[in-house]
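The figures that follow rest on heavy atoms only: side chains count, while hydrogens, waters and symmetry mates do not. Convention: sequence-line order gives letters A, B, ...; per-chain numbering from 1.
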Number of protein chains: 2
Amino acid sequence: MTTRKRRPSGEASREHILSIALGLFREKGFDGTTMRDIAAAAGLSLGAAYYWFPSKEALVLAYYARQQDAHAAASREALERLPDLRSRLGAVMHAKLDMLKEDRKLLRAILRSTLGADEPTSVFSAETSEVRGQAIAIFLDAIGKDESVPEDARPLFAQALWTLHLGLLLYFVNDTSEDQTKTRALVDGSLDLVCNLAPPMLGPMRAEITALLQNAGLFAAKK
Amino acid sequence: MTTRKRRPSGEASREHILSIALGLFREKGFDGTTMRDIAAAAGLSLGAAYYWFPSKEALVLAYYARQQDAHAAASREALERLPDLRSRLGAVMHAKLDMLKEDRKLLRAILRSTLGADEPTSVFSAETSEVRGQAIAIFLDAIGKDESVPEDARPLFAQALWTLHLGLLLYFVNDTSEDQTKTRALVDGSLDLVCNLAPPMLGPMRAEITALLQNAGLFAAKK
DNA sequence: GTCTATATCCGGATAGAC
DNA sequence: GTCTATCCGGATATAGAC
């Protein structure tokens with residue numbers, strides 16, 4: 001971040017282009033929207049659009065950051081209010097789905113470039129590690145100080161929940177049921193399972209599971 | 001399939017193009033290989049390549065079919081020989097990784113267009129339902145008549161294993177450890193867990209889990 | 001530093017001639 | 001069935017206006 005707060009013309013253009021682009025993405029999908037469309041709709045030249053966003057991908061990265069902020073804001077109140085783990089997790093997940101439900105078409109298109117770690121827009125990439133960390137932090141907040149999860153297992157559990165949430169999002173964007181009720185049921189059912197499995201997880205299998213996740217090291221500290 | 005067995009020039013061209021294309025994909029990745037490259041390497045014009053494969057995607061679909069046949073063949077012997085569920089599942093999974101280990105770069109590129117159900121090359125699409133069914137069938141064969149899985153739960157369990165296998169493949173293609181030893185450990189650890197969880201799954205939570213998967217209906221009969 | 005205009009490259013895809 | 005020519009859109013480059 002620079003010291004200056006905001007330049008009147010410059011940053012405004014950037015915001016303007018992003019808003020226009022997201023609108024077009026929602027309307028016509030990602031591939032269906034050309035950079036020429038975006039520039040024209042924003043009342044700028046192609047060159048100007050590329051000046052602010054060096055690629056179509058860069059618009060997606062900006063979109064991630066925006067959604068992540070929105071999700072954190074939407075979750076905050078529930079996280080402070082709700083007393084138990086299960087309902088906090090439900091609130092977090094459903095808040096995310098509510099936020100994304102108009103964007104399923106866009107998300108399907110984005111998903112195509114979202115799962116190979118060497119793609120910049122991948123949810124596993126270095127470029128998205130900050131957003132990813134913030135997303136995992138919401139789950140950590142949801143776990144809070146719940147006694148059913150021992151303190152030293154909380155970061156790992158948050159990462160596992162984030163992974164679960166990815167799987168649910170994958171189902172969500174492809175869900176053809178009315179209002180995606182199937183996804184809602186899947187969220188509730190899988191969270192029930194996870195929360196019911198948590199107690200045994202403290203018992204005999206805990207070391208095993210912890211070692212497994214730790215060894216996988218999907219979420220090693222970002223360099 | 002048509003009635004004719006094989007046209008000397010035609011089908012041969014098709015096979016030839018596919019082989020050349022897969023070689024280039026392995027070497028330079030999917031995006032790094034152009035249809036012009038493929039056509040040139042195969043000694044044909046661009047138009048001729050498109051005559052046999054209407055899109056780059058079509059080459060991917062043909063690749064799936066080939067790999068599926070190879071995996072079924074590689075698994076068959078172990079399925080007949082190994083006496084217990086756990087070792088059959090391990091053999092099936094490791095056979096798949098052995099088969100795909102030279103293709104991780106290609107797979108990462110393909111993955112990008114592999115998870116939105118409306119993409120033809122998606123693992124969930126109608127276009128791939130036949131290959132998908134064959135892949136699930138291998139897991140069904142691996143379950144066999146094992147008593148730890150009640151007969152009526154076997155199809156569902158096979159589908160769940162296939163889903164697990166997708167997650168493992170996602171990890172596999174991004175695995176940077178030497179010889180992907182981390183993936184191998186993750187395969188063994190998660191299969192141990194699944195097989196240890198199977199007995200409790202027969203008990204109190206069985207109805208719950210079954211209902212959850214059934215309701216999700218990811219694998220509804222192909223129309 | 002912000003932007004226009006234009007020309008150009010590249011690769012997937014298609015049309016139509018032979 | 002195979003070819004050449006062409007279109008389209010993402011991306012880059014450049015020269016210059018303010």
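Counting only residues at least two apart or on different chains, no side chain to side chain donor-acceptor pair (under 3.5 Å) pair has a member in residues 42-51 of chain A. Sequence neighbours left out, not one pair with a member in residues 158-169 of chain A passes salt bridge (charged side-chain N to carboxylate O under 4.0 Å, His left out).
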Can you check each nucleotide of nucleotides 12-18 of chain C against protein heavy atoms at under 4.0 Å and return B for base, S for sugar-phosphate only, - for none, in 5' to 3' order?
BBB----
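The shortest distance between the side-chain N/O atoms of A:S13 and the OP1/OP2 oxygens of C:dC3 is below 4.0 Å. For B:Y51 and D:dG1, the shortest distance from a side-chain N or O to OP1 or OP2 is below 4.0 Å.
Using a 4.0 Å cut-off between charged nitrogen and carboxylate oxygen, A:R66 and A:E15 count as a salt-bridge pair.
Residues A:Q68 and A:I138 share a closest heavy-atom pair of NE2-CD1, 3.5 Å.
Looking only at atom types and distance, the side chain of A:D175 has a donor-acceptor partner in the side chain of A:S177 under 3.5 Å away.
In this structure, B:G32 reaches neither bases nor backbone, as no heavy-atom distance under 4.0 Å exists between it and the strands shown.
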